[in-house]
Amino acid sequence: MKFRAILTSIMVAYATTACAQVKVDDSTILEMAQAFQKGNKARLTQLLPQARGHMLEPWAAYWELNARLDTATPQEVQDFFSRYAGTYQEDRLRNDWLLLLGQRRDWTTFEAEHRRFRMNDDPQVRCYALLVQHVAEGTASPAMVDEVRRLWFAQRDNGDACTQAAGRLLSDAPGRHRLTTADAWRKARVSMEANRPRNVQGVLELIAPDALPALAEINASPSKFLLSRVTVASRVRKEMIGLALIKLATSDIDNAARLLDGKWGPQISPEERNWVWGVIARQSAQRLSPDALGYYARVTRDSDLSDDMLAWKARAALRAGPQPDWPRLDAAIEAMSPELRRDPTWQYWKARALLASGRESHRAEAIKLLDGIASPRGFYEQLALEELGRPIAVPERPAPVTAEEMEAARNNPTLLRAVMAIALGLRNEGVREWNYGTNLARPGGLADRELLAAAAFACEREIWDRCINTSERTRGEFDIEQRFPMPFRDAVVKRAQSIGLDPAYVYGLIRQESRFVMDARSHVGASGLMQVMPATARWTARRIGMNGFTPDQLNDRDTNIAIGTSYLKLALDDFNGSMPLAAAAYNAGPNRPRAWRNGPVIEAAAWAENVPFGETRDYVKKVLSNTTLYAAVLSGQPQSLKARLGMVGPRDAALPEPNRDLP
């Protein structure tokens, strides 16, 4: 459907539901969007009257008021809430208003506004709400303490709200339900390993402000601090030694291990010592070093480790040799938190460890774990199906969306605004509003049939990313055509087959790269359906003889497909047909998987789980599971994910050397 036809049909639908004819003035909305990005408050105020009556008026009014919210009167804010009641923009502005009220410490107004808040997905707003609750009640429940701890640990920056909530529970919470200094030091350790010095500083400001000069020394040179005449006469000093060892381990594993094993290990507590060994071991495992399990062996109690350390212990055990070190893998999973153990990743590998034990008593438990996750929905879910001897086949489609269900989706004002915004090029705004309309239309979100109808509406408008993401949220229904659409089928299949690529592999990669958004652009500059970087595109164009290529052609569908599939084929040939390695190369560049493949020959599933970059690890697994389902759709036959994965190990010396020209 052409752009103007899409807009016209949307406006007709909106006018019908609004029972009024709406004058379309798209240029005003687009100019206001630009003014908001530039922070031009005066221009926003000047343009707002011209946006009245436009379908996207709520966005125009939000931009104008948000830009001057710090000086707006409470009445202006309340007028906005009344005028746009029930919209995404009402809740979005209330979120912004609540943050401002929290910063102003206006707890009375905050409490009144928070009662009307539906979105509730901002951790800082949630922390302010918990802080207000504690002020009102004067005590903290175990649930409150757990939630504050979780939010405080999760924040990437030293945000005001969660820091304030944690500080209050550390200093004022009566009785046994409170955060402890041990929690605070743990937060400092996690932040130091993640290289978030401001977070470490924020913790010390709460519990040990006198240690801030020592922290500055550690940040400047951890090795110099550790080799100085510093003593461990107090708990604070011991913890500062631990922070220095953690800081050193992120850049010099061997030196950190030597200092911990020699000078400092005997002087700090067993819990601190275990934590630092865990950091050293995790850093080693993430570098795919064979020494990792040896470092983990220095830990005397796994319960002292974080979930992230335990996950990397499990990964190191998977990479231990031609066969995983099943006992250590099992022990690492058993030490994880209940939440992490429920992840399909570790349910699958726990089941494999139980089966590898050879004990009949373990077999029933393993089958139960596999049966609990087995489905076509994801990587480990598909592997569980195969482990149980079941085919990976196209699930039976749900009953078609009815005319009434479809009509409800087409007339939903929130979804209509989202579609309109996306059609105008305001994709970020449109996606946020769409997600709100399908997530928060009522407590618990939409029912499966409503989600299927909304997804069908998105597919109808060729907004493929919202079609996929919305359909993926159904709990009992699985619509393969919505979750795994095949736009541009003739172009993709013809091009893939012409160069010897599996079309299912190409579709599996596009689905992960761009969700079929043709003008998608990543934060690093990759463009189009197959998210190709300009430099890679120029190199590939030369290799395939595409004369006159310029990077601005990457948003042309056929050019993007031609460049992307050619590069994928070159990567696949470079890695001797290994789909996991080629997918990793497509995402992270070829040099990294060339290094990551070194080590023992192992199952590609175990190799993929050990990819050091979280983004690439997730990418490889999703591309391969996508490919398996697309192959089932295209062939009409059950498929094997394990066959596509194969084994991964060092390049055989008898095979050709890799194409070192591959960028």
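Hydrogens, waters and symmetry mates play no part in the numbers below; they use all other heavy atoms, side chains included.
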Sidechain N-carboxylate O distance under 4.0 Å for [X], [Y]:
| X | Y | answer |
| --- | --- | --- |
| E460 | R410 | yes |
| K494 | D558 | no |
| K569 | D573 | yes |
| R116 | E90 | no |
| E339 | R150 | no |
| E481 | R489 | no |
| D479 | R483 | no |
| K621 | E381 | no |

Donor-acceptor pair between [X] and [Y] side chains, under 3.5 angstrom:
| X | Y | value |
| --- | --- | --- |
| T414 | W434 | no |
| R543 | S566 | no |
| Q639 | R644 | yes |
| Y619 | E513 | yes |

Problem set entry | Partners meeting side chain to side chain donor-acceptor pair (under 3.5 Å) with N555 (sequence neighbours left out) |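 By the side chain to side chain donor-acceptor pair (under 3.5 Å) rule, N555 matches no residue at all.
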Exercise. On the ring face of F81, is R94 found with NZ or CZ under 6.0 Å from the centre and within 45° of the axis?
Worked result: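 Yes, cation above the ring, under 6.0 Å and within 45°.
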Problem set entry | Cation-pi check, R377 onto F478 ring (under 6.0 Å, within 45° of axis) |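 Verdict for F478: no cation-pi partner in R377.
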Exercise. Residues two or more places apart in sequence or in another chain: which of them pass ring-ring contact (aromatic ring centres under 6.0 Å, His included) with F80?
Worked result: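 Counting only residues at least two positions away or on another chain, F80 forms a ring-ring contact (aromatic ring centres under 6.0 Å, His included) with Y84.
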For this session: Could you list the residues that satisfy ring-ring contact (aromatic ring centres under 6.0 Å, His included) with W464, not counting sequence neighbours?
Result: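 Residues passing ring-ring contact (aromatic ring centres under 6.0 Å, His included) with W464: none at all.
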Hey, does [Y] have a side-chain heavy atom less than 4.5 Å from the side chain of [X]?
| X | Y | value |
| --- | --- | --- |
| I468 | F516 | yes |
| R592 | V611 | no |
| I480 | R397 | yes |
| H114 | V125 | yes |
| L100 | W97 | yes |
| T470 | Q482 | no |
| V493 | M486 | no |

Exercise. Is the number of heavy atoms from other residues, nucleotides or ligands under 6.0 Å of K642 NZ greater than 12?
Worked result: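 More than 12 within 6.0 Å, yes.
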Exercise. For atom CZ of R156, is the number of surrounding heavy atoms from other residues, nucleotides or ligands below 6.0 Å larger than 12?
Worked result: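 No, CZ of R156 has 12 or fewer neighbouring heavy atoms, counting only those of other groups under 6.0 Å.
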Problem set entry | The single option from Y505, F484, Y507 passing side chain to side chain contact (heavy atoms under 4.5 Å, CB included) against N626 |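 Running side chain to side chain contact (heavy atoms under 4.5 Å, CB included) over Y505, F484, Y507 with N626 returns exactly one hit, F484.
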For this session: Assert yes or no for the condition that the ring centre distance of F36 to W59 is strictly below 6.0 Å.
Result: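 No, too far apart.
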Problem set entry | For the student: nearest non-hydrogen atoms of Y567 and P590, plus distance |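 Taking Y567 first and P590 second, the nearest heavy atoms are OH-CD, 3.7 Å.
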For this session: Begin with the C-alpha distance, continue with both residues' side-chain angles, and end with the deciding distance and a verdict on side-chain contact (heavy atoms from CB on, under 4.5 Å) for R432 and N435.
Result: CA-CA 5 Å; R432 286 155 61 190; N435 292 347; 5.9 Å; no
